[in-house]
Peer 1: 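Questions regarding the structure given below will be posed in turn.
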Amino acid sequence: MAATKVELFERIRRDSWREGLSVRALARKYGVHRRLVREALTRAEPAPRKTPVRRSPQLEPFKEIVDGWLRADLDAPRKQRHTVKRIHARLIEEHDAAGVSYSALRDYVARRRPEIRVEEGRAPAQVFVPQHHPPGQGAEVDFGELWVRLAGVVTKCYLFVFRMSYSGKAVHKVFATCGQEAFLEGHVHAFSVLGGIPAGQVRYDNLTAAVRKVLLRGRARVENPRWTAFRSHYRFEAFYCEPRQGHEKGGVEGEVGYFRRNYLVPVPEVDSLAELNAKIEAAEQAEDGRRIGARIRTIGQDFAAEAPLLIPLPDEPFETGLLLTPRVDRYSQVTVRCCRYSVPVRLIGRQVRAVLRSSELIIYDRRAVVARHERLTVKGAESLVLDHYLEALMRKPGAMPGSAVLEHARAAGVFTGAHEALWSAARRVAGEPAATRVMVEVLLLHRHMDDADVIAGIGAALSVGAHTADVVAVEARKVAEARGDQAGSGTTAQEDAPARAAQVTSLTLRRLAGLPPDTRPLPTVDAYDQLLRQPRASEEGRP
């Protein structure tokens with residue numbers, strides 16, 4: 001590590017005093033100029049570095065003129081005040097100041113304009129007043145942008161941060177969106193982690209999830225009705241900062257940057273946001289042992305003091321999802337936030353209820369859940385489930401091979417290699433339409449049987465050359481029963497898989513195996529050939 005200038009001066013003075021080295025020898029030994037050696041021998045502490053004051057000789061004679069124009073702008077209409085370009089043009093036209101550079105004038109106006117407003121009493125001086133935060137009373141909330149390599153794709157996400165003002169205890173969660181659903185769900189998650197609700201005000205920016213309109217004067221806001229209902233349910237007050245005044249909640253502003261730099265660099269690579277949020281929870285536990293600034297106690301110790309002062313959580317939860325009522329189109333899909341989601345074909349033409357949450361979409365038909373999808377965030381994206389279209393494909397088997405829903409099922413791993421093999425075998429024997437119907441019947445088995453059992457049943461049926469849904473169902477049921485027996489005996493399904501496969505036999509081979517050998521001679525038709533050689537009666541009477 002390089003020595004500081006004070007340490008260098010001390011070494012030079014020590015060598016000159018003890019060893020009697022000359023100025024030139026000291027300069028050669030420490031690799032510095034002789035002027036620095038002479039300065040070190042003269043004084044023990046280096047002279048403070050002087051910051052040069054930049055001056056603009058060309059602009060100096062015109063500064064009072066520019067200040068006068070800026071003072072006049074205070075009473076001028078807002079849209080008819082001087083710009084830097086106009087000031088520069090007037091100086092050249094009216095005062096022959098062609099030598100004044102535009103950049104020097106721009107820097108001077110940017111510095112003097114706010115100073116003149118303060119000097120004339122039109123604006124208060126910029127000052128920051130230290131604040132006192134009682135324990136358990138206040139908190140701050142903010143969103144921060146975040147990039148994540150999600151399943152191999154670089155995706156823009158949003159980091160929700162809820163920070164207690166007294167202890168600095170912060171709760172973080174990553175969402176795929178910063179909409180109202182994520183905003184409310186982030187609060188519910190934070191309240192759950194903290195074990196209560198702050199008794200005082202929670203500070204916010206003017207987020208559209210909470211504020212519909214910012215009024216011109218004061219801090220009055222027109223709030224979103226759903227946000228008002230949420231605050232009423234959890235019994236806390238909101239404090240909205242002035243626009244472009246982020247310092248009013250500087251604690252959470254700094255927390256977003258701190259957490260992103262220390263725990264989300266380099267870009268996280270995860271398969272799902274649930275995996276990333278699990279890592280974030282581990283990082284929050286490590287943060288409990290950190291001290292903020294010059295505080296004596298850690299974040300965890302301060303939060304332990306304010307946790308008993310939080311308001312208890314309500315008994316009933318608040319539905320954070322957005323309730324929608326889309327109509328199912330002729331493709332058996334609903335459109336939500338410019339994305340399309342499939343539903344069972346029996347609902348075509350009907351209006352359904354949909355609950356849009358930050359990570360999923362739940363679709364109801366009356367009170368029954370008919371579809372559940374992972375939420376899509378890319379405009380125009382589709383989420384299609386093969387099971388929703390099976391009844392339609394049974395009536396229209398020709399639509400299945402080239403359907404988009406089949407491609408989605410293959411990409412998701414729902415339509416496996418075992419299904420492909422069964423479909424191909426059925427095609428070779430029964431043809432395209434019949435094979436597709438067999439495939440649909442097999443897929444219907446997944447509704448009331450375990451997926452692994454059905455796939456095992458497909459493998460057992462193919463091993464004996466069977467390609468019907470009935471054989472697959474029977475073998476899948478055998479696998480399920482065997483698994484239940486093994487669960488009671490303590491053996492695993494993998495250990496007994498070869499034994500189950502060996503029990504599968506062809507019904508024709510089994511029937512023939514139980515009969516005695518046939519020793520009778522093969523039948524012959526020689527006697528009937530004599531009839532072919534005899535003339536017919538009509539031919540005998542013909543002359």
Side-chain angles (χ1 to χ4, degrees), residues 1-61 63 101 103-108 110-112 114-115 118 125-133 144 163-170 172 246-247 250-268 279 282-305:
M1 182 176 179
T4 63
K5 201 169 182 180
V6 176
E7 293 173 347
L8 178 62
F9 273 37
E10 190 271 336
R11 293 175 185 177
I12 292 174
R13 293 169 63 86
R14 182 188 59 194
D15 291 348
S16 174
W17 169 55
R18 289 185 177 180
E19 302 178 13
L21 297 180
S22 64
V23 173
R24 188 180 298 274
L26 290 170
R28 189 182 303 110
K29 179 178 180 180
Y30 291 101
V32 296
H33 199 274
R34 294 190 299 275
R35 286 193 300 269
L36 185 64
V37 175
R38 294 189 182 96
E39 182 183 355
L41 297 176
T42 304
R43 53 191 302 170
E45 188 175 358
R49 188 185 183 96
K50 295 182 179 180
T51 303
V53 180
R54 291 185 173 271
R55 297 184 179 276
S56 178
Q58 298 293 336
L59 179 61
E60 198 68 31
K63 286 185 177 180
S101 67
S103 59
L105 179 63
R106 178 194 59 206
D107 296 341
Y108 179 76
R111 178 175 59 85
R112 283 295 292 161
E115 292 177 353
V118 174
Q126 189 75 4
V127 60
F128 296 95
V129 180
Q131 298 292 302
H132 170 67
H133 303 288
R163 182 182 185 272
M164 297 297 297
S165 300
Y166 171 76
S167 63
K169 171 72 174 178
H172 314 76
H247 61 271
V252 72
E253 294 278 353
E255 176 65 26
V256 171
Y258 166 83
F259 195 85
R260 187 166 47 198
R261 289 189 302 270
N262 287 272
Y263 295 102
L264 299 172
V265 175
V267 174
K279 295 181 179 179
E284 290 174 349
Q285 295 177 1
E287 280 290 293
D288 287 343
R290 180 171 67 93
R291 288 181 173 84
I292 299 176
R295 295 185 183 182
I296 300 175
R297 293 178 297 275
T298 63
I299 293 176
Q301 292 171 342
D302 282 340
F303 179 70

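Numbers here are sequence positions counted from 1. As the structure is a prediction and not an experimental result, all values here were calculated from the model.
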Peer 1: Please report whether the ring centroid of H172 lies less than 6.0 Å from that of F259.
Peer 2: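 Aromatic pair counts; centres sit under 6.0 Å.
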Peer 1: Any non-hydrogen side-chain atom of K5 less than 4.5 Å from a side-chain atom of L36?
Peer 2: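 K5 reaches L36 side chain to side chain.
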Peer 1: Are side-chain heavy atoms of T4 and L8 found at a separation under 4.5 Å?
Peer 2: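 SC-SC contact between T4 and L8 ruled out.
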Peer 1: Do the non-hydrogen side-chain atoms of F303 and D288 ever get within less than 4.5 Å of each other?
Peer 2: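 No, every pair of side-chain atoms sits at 4.5 Å or beyond.
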Peer 1: Judged by atom type as modelled, is there a donor-acceptor pair below 3.5 Å linking the side chain of R291 to the main-chain atoms of I299?
Peer 2: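 No: the side chain of R291 does not pair with the backbone of I299.
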Peer 1: Looking only at heavy atoms, which two atoms of A47 and R43 are closest? And how far apart?
Peer 2: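 Closest approach of A47 to R43, heavy atoms only: CB-NH1, 3.7 Å.
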Peer 1: Is a side-chain donor or acceptor of E287 paired with a backbone partner of K169 at a separation under 3.5 angstrom?
Peer 2: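 Here the side-chain-to-backbone pair does not exist.
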Peer 1: If you take all heavy atoms of I292 and G168, which pair is closest and at what distance?
Peer 2: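 Looks like CD1-CA, 3.9 Å.
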Peer 1: Using side-chain heavy atoms (C-beta onward) and a distance below 4.5 Å, is S56 in contact with Y108?
Peer 2: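 Answer no - side chains too far apart.
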Peer 1: Within the structure provided, determine whether R290 and T298 are in side-chain contact (heavy-atom separation under 4.5 Å).
Peer 2: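 A side-chain contact is absent here, since even the closest heavy-atom pair is not under 4.5 Å.
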Peer 1: Parallel under 30°, tilted from 30 to 60°, perpendicular over 60°: which one fits the rings of Y258 and Y263?
Peer 2: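 Aromatic pair Y258/Y263 classed perpendicular.
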Peer 1: Report the distance from atom CD of E39 to atom CZ of F9, rounding to the nearest 0.5 Å.
Peer 2: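 Answer rounded to 0.5 Å: 4.0 Å.
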Peer 1: Listing request: all salt bridge (Lys or Arg N to Asp or Glu O under 4.0 Å) pairs with a residue in residues 13-36, at least two apart in sequence or in separate chains.
Peer 2: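 Listed once each, the pairs are D15-K29.
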Peer 1: Give a yes or no answer on whether the side chain of Q285 reaches the backbone of A282 with a donor-acceptor pair at less than 3.5 Å.
Peer 2: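 No; zero donor-acceptor contacts below 3.5 Å.
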Peer 1: Could you check whether any side-chain N or O of R295 sits under 3.5 Å from a backbone N or O of R297, counting only pairs where one atom can act as donor and the other as acceptor?
Peer 2: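 Checked: no pair found.
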Peer 1: Would you indicate whether the side-chain heavy atoms of S16 and L21 approach each other to under 4.5 Å?
Peer 2: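 They are not in side-chain contact.
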